[in-house]
2 protein chains.
Amino acid sequence: MGIAERKQRQREQVKSSILETAQDIACQEGWQAVSIRRIADVIEYSAPIIYEHFENKEAILLELKQKGFRILTEKLLTARSAQEEPEEQIRALAKTYWNFAFEHTELYQVMFNIGGVACNGQGNDGDSRVHMRNGATVMADAFRALAAKKGKPKTDIYLTLDAFWALQHGLISLTLVNKINGGKERAEKVLEEAVSSLMIAF
Amino acid sequence: MGIAERKQRQREQVKSSILETAQDIACQEGWQAVSIRRIADVIEYSAPIIYEHFENKEAILLELKQKGFRILTEKLLTARSAQEEPEEQIRALAKTYWNFAFEHTELYQVMFNIGGVACNGQGNDGDSRVHMRNGATVMADAFRALAAKKGKPKTDIYLTLDAFWALQHGLISLTLVNKINGGKERAEKVLEEAVSSLMIAF
DNA sequence: TACATTTGCTTAACACTGTTAGGAAAAATA
DNA sequence: TATTTTTCCTAACAGTGTTAAGCAAATGTA
């Protein structure tokens, strides 16, 4: 009875094509341009079909948000593995995070509710932090290694970690809304400089 | 002929009531809930009246965005004036910026396109940075004073300034989307700590 | 006072949006 | 072949931003 499997496969293929086109439209024209009917047009189905795969529009965004965090975590993980020294690991993590934000800007936007898209993701408080957990752990380990190398107590690692994350996120956000004098190129320099400062002060 | 003035006054009063209710709705229910018809309902006019005061919905957002930057700059200015030492000035600026973001979250959101609202403000590149100019100058002066006190060359002031701004903005953004373990209280501690690090590394 | 014009404002409409209900056609099962 | 199930679409509802047309009252002019 391979026909049931084929149907299931086709069904899942429709679902992933919905996600794919949503991301495509967002990438090319911004999240403002992503509508159920436009997605339906592209995948050559009628609009209600989408509701057989997603409860509502926000569910689509939520799934792409999770996808974004998954990809980011993977990239951070492999980036860190490629380096030996803690300082180099942290620098590599910063560069990887930065590159992700500009290579997949539409994902980064939905991950952090910037650029006109709002995805509160049903759950209120705790849920939102779960997404960051894995990525934060990768970064935390690098900072722990640096602390060990410096012979520091590891109690206040998370203060520095959050500052590190906030610095990156802030610089990326400001660059995306075009609020940095000198644009992306200079923002990148600001980041490198600030990361160095953060490490020597750590 | 005071009647023409009265009419002009009434007209301007309608305009400011539009801005006021737009901000009110955004404050209470988020920017998603702000619609032309809802504003019209509150001010007890029909919807098209709004287009006699604003070209389109985005023009309303733009005006509130500018209002936000105006208020922020004022607050930064008075906060800095209240302190003598550069270090205290910078710490006061950070606290003021932080308080503004949480006391007028709806304004902060429209200022930086976070939380579902998107306001590109007609102009493309340079326009967006103009808003920050005044606020950045207030901060820059404090850092210049610190540099003078430390006897440092003032060439790389803006690198630290942008990092300072990005750190604050990032921490606020992450806190608003609930991505900081420990919430607002801990985020505030992270900021204080990071600002201190930034100053000693400067 | 009588007519013309401007002003202030509203209703109606257009083209969208997310979402749901009802039913037609095609496929699978008996 | 007949019946049931699956698949999918059209139509509709309530909402969005925005524009056009027009009504009625206030104003200016003869």
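Sequence lines set the chain letters: A, B, ... in the order given, protein chains first and strands last, and positions in each chain run from 1.
In summary, A:E88 and A:R91 engage in a salt bridge, as defined by a charged side-chain N under 4.0 Å from a carboxylate O. Between A:E12 and A:K15 there is no salt bridge, since no side-chain N of the basic residue sits under 4.0 Å from a carboxylate O of the acidic one. For the pair B:E188 and B:K95, the salt-bridge criterion is met [side-chain N within less than 4.0 Å of a carboxylate O]. Using a cut-off of 4.0 Å between Lys/Arg side-chain N and Asp/Glu carboxylate O, B:D41 and B:R38 are scored as not salt-bridged.
Side-chain atoms of B:K57 never come within 3.5 Å of backbone atoms of B:S35 as a donor-acceptor pair (strictly under, hydrogens ignored).
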Verdict with reasoning, B:T96 to B:R80, per side chain to side chain donor-acceptor pair (under 3.5 Å): CA-CA 9 Å; B:T96 304; B:R80 197 197 53 187; over 6 Å; no

Where protein sits on nucleotides 14-27 of chain C, one letter per nucleotide: B base, S sugar-phosphate only, - none, heavy atoms under 4.0 Å: ---BBBBB------

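The distance between the ring centers of A:F69 and A:F112 falls below 6.0 angstrom.
One axis for each end of the helix from C:dT5-D:dA26 to C:dA30-D:dT1, each built from five base pairs, and the angle between them comes to 40° at 10° resolution.
The two residues B:N120 and B:E58 have their closest heavy-atom pair at N-OE2, 3.0 Å.
Residue-environment remark: CD (A:Q8) exceeds the threshold of 12 foreign heavy atoms within 6.0 Å.
First and last contacts of DNA chain D with chain A, using any nucleotide atom under 4.0 Å from a protein heavy atom and ordered 5' to 3', fall at D:dT7 to D:dA12.
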Can you give each donor-acceptor pair under 3.5 Å made by side-chain atoms of residues 164-174 of chain B, sequence neighbours left out, with the distance rounded to 0.1 Å?
unit_1	atom_1	unit_2	atom_2	d
B:W165	NE1	B:Y97	OH	3.1
B:H169	ND1	B:Y108	OH	2.7
B:H169	NE2	B:S173	OG	3.4
B:S173	OG	B:H169	O	2.9

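Partners of A:E85 under the salt bridge (Lys or Arg N to Asp or Glu O under 4.0 Å) rule, at least two apart in sequence or in another chain, are A:K149.
Between A:Q23 and A:K67, the closest side-chain pair of non-hydrogen atoms falls below 4.5 Å.
Within residues 10-27 of chain B, no residue has any heavy atom under 4.0 Å from DNA chain C.
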